[in-house]
Amino acid sequence: MHYTALQQNRFLVRRGSGDDWMVYDRELKGPAQPKKNGPFAEKLTKDQAQQLMQILTGDLTDAMKAV
């Protein structure tokens, strides 16, 4: 028998504090930072967070459909 480990995505959309949403980075263990020294991906709407996560994970076809 061969067992394969499940690979988790590096990024996920999760609720922030209050009514906002964020893109969480499992490697950084905090909000994603799409650009070096840029703003963190927090205090977003759910739609903004989902679009940014698609861009970060390379799923550009779905991200472009949403625009």
Side-chain angles (χ1 to χ4, degrees):
M1 272 191 192
H2 294 286
Y3 293 98
T4 57
L6 294 176
Q7 183 178 0
Q8 293 183 332
N9 290 332
R10 176 177 174 179
F11 302 102
L12 66 105
V13 173
R14 63 184 267 188
R15 192 173 279 276
S17 60
D19 294 335
D20 57 340
W21 293 80
M22 65 185 288
V23 179
Y24 185 80
D25 185 339
R26 284 191 171 111
E27 286 185 16
L28 295 178
K29 297 183 179 164
Q33 192 174 20
K35 294 182 182 177
K36 188 174 182 176
N37 297 323
F40 289 100
E42 57 187 354
K43 297 182 181 165
L44 305 170
T45 66
K46 187 174 184 179
D47 289 337
Q48 289 172 326
Q50 288 173 334
Q51 288 176 12
L52 180 57
M53 187 190 75
Q54 289 173 344
I55 291 168
L56 291 171
T57 57
D59 192 2
L60 296 177
T61 54
D62 287 341
M64 295 312 287
K65 283 187 223 174
V67 174

- Query: Does Gln33 use its side chain to pair, donor to acceptor, with the backbone of Ala41 at less than 3.5 Å?
  - Reply: no

- Query: Any sub-3.5 Å donor-acceptor pair from Arg14's side-chain atoms to Val23's backbone N or O?
  - Reply: no

- Partners of Arg10 by salt bridge (Lys or Arg N to Asp or Glu O under 4.0 Å), sequence neighbours excluded? Asp25, Glu27

- When Ile, Leu, Val, Met, Phe, Trp and Tyr are grouped by side-chain heavy atoms lying under 4.5 Å apart, directly or through other members, which residues fall in the same group as Tyr24? Leu12, Met22

- With sequence neighbours excluded, what pairs up with Lys46 under the side chain to side chain contact (heavy atoms under 4.5 Å, CB included) test? Trp21, Gln50

- Message: When you compare the side chain of Leu52 with that of Pro34, does any pair of heavy atoms fall below 4.5 Å?
- Response: yes

- Establish whether Leu56 and Phe40 are linked, either directly or via other cluster members, by ILVMFWY side-chain heavy-atom contacts under 4.5 Å. no

- Pairs meeting criterion side chain to side chain donor-acceptor pair (under 3.5 Å) with involvement of residues 35-45, two or more places apart: Thr45-Gln48

- Message: For a quick test of reading the model, state the closest non-hydrogen atom pair linking Ala49 to Val13 and the distance between them.
- Response: O-CG2, 3.6 Å

